[in-house]
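Notes follow once the structure below has been shown.
Predicted model only: the values in this text are computed from it and were never measured. Residue indices begin at 1 and follow the sequence shown. Order of appearance sets the numbers: ligands from 1, and atoms from 1 within every ligand.
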Amino acid sequence: MLNVKNKLAIYRGNITKIGVDAIVNAANPSLLGGGGVDGAIHAAAGPQLLEECKELGGCAVGQAKITAGYQLPAPFVIHTVGPIWRGGKADEARLLACCYYNTLELVNEYRLATVAFPAISTGAYGYPREQAAAIAVKTIYNYLTDPAHGSIHRVYLVAFDKETEQLYRKELEKIAE
Ligand code: AR6
C-alpha cells in the first residue's frame, strides 16, 4: 500500500519559485490581484495572468479556479479564496477546508502530479496559524487516502515563515502510518 504520508512535503520559502505542476494562490473574491502571496504570484507570472483572471468572473469563498502560470515555473495556478477570520463562528473552518478540497479536485481533474499550497487565510485574512495548519494537513491527507486520487504524487505545504513551518511539522508528526 502506498504511504500517503510520504506524499506530503513541507517547503520553506517563496511559492513563486517552485517548479510544481500547479501553485495555489490565496486570492480574494475578485481574482483581480492583491497583496501577500497573491501579489507575489501576479508579479512573477506577469500581466497575462491578470488578463486571464479578468475572464473568470471572480470566485466565491471556499471555491477554486484554474489558470495558466505564464512566466512562473509552474504551468498552472489554482486560485482559491479563503475565509476572513471573524472569530471562528462564521463557518471559517469548513470554508478553509473547502479551499483545500476544491483545489485538490482541480488537481485531480487536470491529472496534475504535484501542487504547492501557501498557508491560505493566515496572512491578511487573519486565520489563526495553528488551526489553519491542522485543517490544511487533515484535509489534504484525507483527500490523498482515497485511491481514486492516486495520480497525485506530491503535495507541498509552503511555509513562508518559521512558525508556520514548525506548525506543519507538528501536524505531520500527528499522522501515524
Ligand atoms: N510564498 C509563500 N507564502 C507566502 C508568500 C510567498 N511569496 N507571500 C506571503 N506568503 P496572504 P490571505 C504567506 O496575506 O491571508 C491578498 O491581498 C503569508 O506569510 O497572502 O489568504 C489577497 O488578494 C501567509 O502565511 O493571504 C486577499 O485579499 C500566507 O501566505 C488576501 O490577501 C497567506 O497570506 C488573502 O489573505
Which of the atoms in ligand 1, numbered in the order shown and given with their element, are less than 4.0 Å from a heavy-atom of [X]?
| X | result |
| --- | --- |
| A40 | 7 (N) |
| G13 | 1 (N), 2 (C) |
| D38 | 22 (C), 23 (O) |
| N28 | 22 (C), 23 (O), 27 (C), 28 (O) |
| G36 | 8 (N), 20 (O) |

| said: With heavy-atom distances below 4.5 Å as the criterion, would you say the side chains of L106 and F76 are in contact? | reply: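 No - every pair of side-chain heavy atoms lies 4.5 Å or more apart.
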- Are any non-hydrogen side-chain atoms of L157 and I140 less than 4.5 angstrom apart?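 Yes, side chains in contact.
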**Message:** Looking at every heavy atom in both C99 and G82, which two are closest together, and how far apart are they?
**Reply:**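 What the structure gives for the nearest pair is SG-CA, 3.6 Å.
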Just to confirm my output: which protein heavy-atom neighbour is closest to [atom], and how far is it?
| atom | result |
| --- | --- |
| atom 20 (O) of ligand 1 | V37 N, 2.8 Å |
| atom 31 (C) of ligand 1 | Y125 CE1, 3.5 Å |
| atom 13 (C) of ligand 1 | F160 CB, 3.9 Å |
| atom 7 (N) of ligand 1 | N14 OD1, 3.0 Å |
| atom 1 (N) of ligand 1 | I15 N, 3.0 Å |
| atom 15 (O) of ligand 1 | G123 N, 2.8 Å |
| atom 25 (O) of ligand 1 | T122 OG1, 2.9 Å |

Query raised in the report: Looking only at heavy atoms, is any part of A26 under 4.0 Å from ligand 1, and if so is it the side chain, the backbone, or both, or is it neither?
Result: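 Within the 4.0 Å criterion, A26 contacts ligand 1 through backbone and side-chain atoms alike.
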Below the 3.5 angstrom mark, is there an N/O of [X], backbone or side chain, next to an N/O of ligand 1?
| X | value |
| --- | --- |
| I120 | no |
| T164 | no |
| G126 | no |
| A27 | no |

Could you go through residues 25-45 and list every donor-acceptor pair under 3.5 Å that involves a side-chain atom there, pairing it with any protein atom two or more places apart or in another chain?
from, atom 1, to, atom 2, distance (Å)
N25, ND2, D38, OD1, 2.8
N25, ND2, H79, ND1, 3.2
N28, OD1, S30, N, 3.0
N28, OD1, S30, OG, 2.6
N28, ND2, G33, O, 3.0
S30, OG, L32, N, 3.0
D38, OD2, G34, N, 3.4

Name the option, out of [options], that contains the heavy atom nearest to [atom].
| atom | options | result |
| --- | --- | --- |
| atom 12 (P) of ligand 1 | P83, S121, G82, C99 | S121 |
| atom 16 (C) of ligand 1 | A132, G35, P118 | G35 |
| atom 14 (O) of ligand 1 | S30, A124, A119 | A124 |

Within less than 4.0 angstrom of ligand 1, does T16 place any heavy atom?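 Distance cut 4.0 Å: T16 fails for ligand 1.
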Would you check, one step at a time, whether the test salt bridge (charged side-chain N to carboxylate O under 4.0 Å, His left out) holds for K162 with E165? CA-CA 5 Å; K162 198 168 181 195; E165 182 185 2; over 6 Å; no
request  = Kindly determine whether E173 and K170 satisfy salt bridge (charged side-chain N to carboxylate O under 4.0 Å, His left out), including the steps that lead there.
outcome  = CA-CA 5 Å; E173 278 164 19; K170 207 175 99 190; over 6 Å; no
Next item on the list: Take atom CD of E52 as the centre, draw a 6.0 Å sphere, and report whether it contains more than 12 heavy atoms from other residues, nucleotides or ligands.
Entry: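 Enclosed: over 12 neighbouring heavy atoms sit under 6.0 Å from CD of E52.
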Practice problem: Count the heavy atoms of every other residue, nucleotide or ligand shown that sit under 6.0 Å from CZ of R12, and state whether that count exceeds 12. | Solution: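 More than 12 within 6.0 Å, yes.
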K54 and E51 ion-paired at < 4.0 Å: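 Yes, this pair counts.
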inquiry  = Does the plane of the ring in Y100 sit parallel, tilted or perpendicular to the ring in F117? Use 30° and 60° as the thresholds.
reply    =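 Because their plane-to-plane angle lies in the 30° to 60° range, the rings of Y100 and F117 count as tilted.
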(message) Run the side chain to side chain contact (heavy atoms under 4.5 Å, CB included) test on V155 and V107 for me, step by step, so that the C-alpha distance in whole Å, both residues' side-chain angles and the decisive distance to 0.1 Å come before the verdict.
(response) CA-CA 10 Å; V155 177; V107 172; over 6 Å; no
**OP:** Let me see the working for N108 and R111 under side chain to side chain contact (heavy atoms under 4.5 Å, CB included), right down to the final yes or no.
**Re:** CA-CA 5 Å; N108 191 48; R111 286 291 178 255; 3.0 Å; yes
- request: Using only heavy-atom distances, determine whether the side chains of R154 and T114 contain a donor-acceptor pair under 3.5 Å.
  value: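 Judged by distance alone, the side chains do not pair up.
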